[in-house]
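Please read the structure below before turning to the comments.
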Amino acid sequence: MKESTDELATKVLQALRSYQLDTLVATLHERGRLPGRPAQLISNLRPIFDAAERDLVSLLRPPADFHPWLHGVLLTNLDGTEAKVNTRVSRVTALRALYRALRKLGLLQLDPLFEFQLPAAEQRHDPQPRQPLPTRATIETLLHQARTDPHLYAALLLLWHHALPLTTLLRLKWSAFHPDTRTLLRDDVVSALTGEAATALERLHHRAGYDPLFPETLEETAVKRIFPYDTVDALRLRVLQTCTDAGLKFIPPGQIKRCALRDHARSAAHLGYRTHEHYQKVVAMAQAITAEASPER
């Protein structure tokens, strides 16, 4: 009797939840769902699965700090030595293939590795210098120019002040914003917003129809999306236009997000991390990088 897609999905889900990597890879590979050599796939995925089981990280429903956590896992081999860039790339490539298989089975709707970036694979020639992060003054110039666009202004503040992932930013609805406490629910973490970010969101909230004198308007606006950008490219285009108007070179939104660790690292919840341990590791890593790549701390 031929196995149904639902039956296969159930087997895959059980293996994934119990971190049974060998069973997971074999099940998907034998049915033509996961290309590649099983032994190599298992070797590449083993450090990720072992760390996920150790840290109680769900690979099917990754937490808000999944990307920083994964960066930390990829840095080290199972024997404690530092992993080479090509090794990290191979591991992420295997994880991307696994997530593609899970999406085709209907176990995932979104790609958990969307916007995840690793250093380029090692080449024989000398590597190019790291692109420096924009300075605080540069970002402030961009924000000043963006004040005439309330949506972009609020989006930039959430990126810079709270390191909000781009995919999270795009799908935010007003139900995630609590005007009384000036907090924002971002995946599994509630962040207390900075004064500037909260004020920018309040202005948008009122424009969307919320009036604190009429409590019923809170429920009416809850289902509406906060930002008008349908894709990351739409947001990038708006940032490019604003950079041009301000006489600046294009600043990718992802770079602005990374500057949050340099300029606004206040607490784990402030930047969306579930545990203080992960937060400390990522901040230390970011400080080491910005000390090398950016002239301004």
Side-chain angles (χ1 to χ4, degrees), residues 67-68 71 114-120 125-172 174 177 182 184 186 191 193-208 225-266 270-272 282-283 285-297:
H67 285 191
H71 271 294
F114 182 69
E115 292 290 323
F116 184 83
Q117 294 183 348
L118 276 175
H125 56 74
D126 292 335
Q128 295 297 315
R130 191 191 307 274
Q131 183 180 3
L133 294 174
T135 64
R136 289 183 67 117
T138 299
I139 297 177
E140 287 168 354
T141 298
L142 176 61
L143 278 167
H144 180 76
Q145 184 66 39
R147 282 183 177 274
T148 56
D149 182 341
H151 283 102
L152 180 63
Y153 182 69
L156 292 175
L157 284 172
L158 289 179
L159 289 171
W160 189 31
H161 287 194
H162 297 282
L164 209 70
L166 295 180
T167 51
T168 301
L169 183 80
L170 296 188
R171 67 171 182 260
L172 275 179
W174 283 115
F177 177 59
R182 307 189 100 191
L184 185 73
R186 42 189 298 174
S191 293
L193 298 175
T194 62
E196 291 171 274
T199 299
L201 279 186
E202 286 168 348
R203 290 171 180 167
L204 289 181
H205 204 184
H206 294 158
R207 289 177 54 152
R225 287 177 55 210
I226 296 179
F227 296 104
Y229 315 109
D230 292 327
T231 64
V232 174
D233 284 340
L235 174 60
R236 287 196 186 103
L237 178 59
R238 191 68 195 97
V239 173
L240 172 61
Q241 293 168 340
T242 307
C243 285
T244 301
D245 292 341
L248 300 171
K249 293 182 179 180
F250 174 56
I251 307 172
Q255 277 205 337
I256 298 172
K257 173 181 175 292
R258 284 191 285 276
C259 288
L261 289 165
R262 181 192 67 193
D263 302 330
H264 297 283
R266 299 183 181 182
H270 180 83
L271 294 183
V282 176
V283 169
M285 187 186 306
Q287 288 174 343
I289 293 173
T290 55
E292 170 191 342
S294 177
E296 182 176 348
R297 297 296 298 273

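For clarity, every value in this text was computed on a predicted model and none was experimentally measured.
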Does [X] reach the side chain of [Y], with side-chain heavy atoms less than 4.5 Å apart?
| X | Y | result |
| --- | --- | --- |
| Leu237 | Tyr229 | no |
| Leu157 | Thr194 | no |
| Trp160 | Arg136 | yes |
| Phe227 | Leu235 | no |
| Leu184 | His162 | no |
| Leu156 | Leu142 | yes |
| Pro150 | Arg203 | no |

Parallel, tilted or perpendicular: rings of His67 and Phe116 (30°, 60°): perpendicular
Got a second to check how far [X]'s [atom1] is from [Y]'s [atom2], nearest 0.5 Å?
| X | Y | atom1 | atom2 | value |
| --- | --- | --- | --- | --- |
| Arg225 | His151 | CZ | NE2 | 10.0 Å |
| Asp245 | Thr148 | CG | OG1 | 8.0 Å |
| Leu158 | Tyr153 | CG | OH | 11.0 Å |
| Leu133 | Arg258 | CG | CZ | 6.5 Å |
| Thr199 | Arg182 | OG1 | CZ | 4.0 Å |

Between Arg236 and Thr231, a side-chain donor and acceptor under 3.5 Å: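 Not at all, the side chains of Arg236 and Thr231 share no donor-acceptor pair under 3.5 Å.
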What's the shortest heavy-atom distance between [X] and [Y], and which atoms?
| X | Y | result |
| --- | --- | --- |
| Cys259 | Pro134 | SG-O, 3.6 Å |
| Ser191 | Arg186 | OG-CD, 3.0 Å |
| Ile226 | Leu204 | CG2-CD1, 4.4 Å |
| Phe250 | Val239 | CE1-CG1, 4.0 Å |
| Leu248 | Thr138 | CD1-O, 3.8 Å |
| Leu193 | Phe177 | CD1-CE1, 3.7 Å |

His206, NE2 atom: more than 12 neighbouring heavy atoms under 6.0 Å: yes
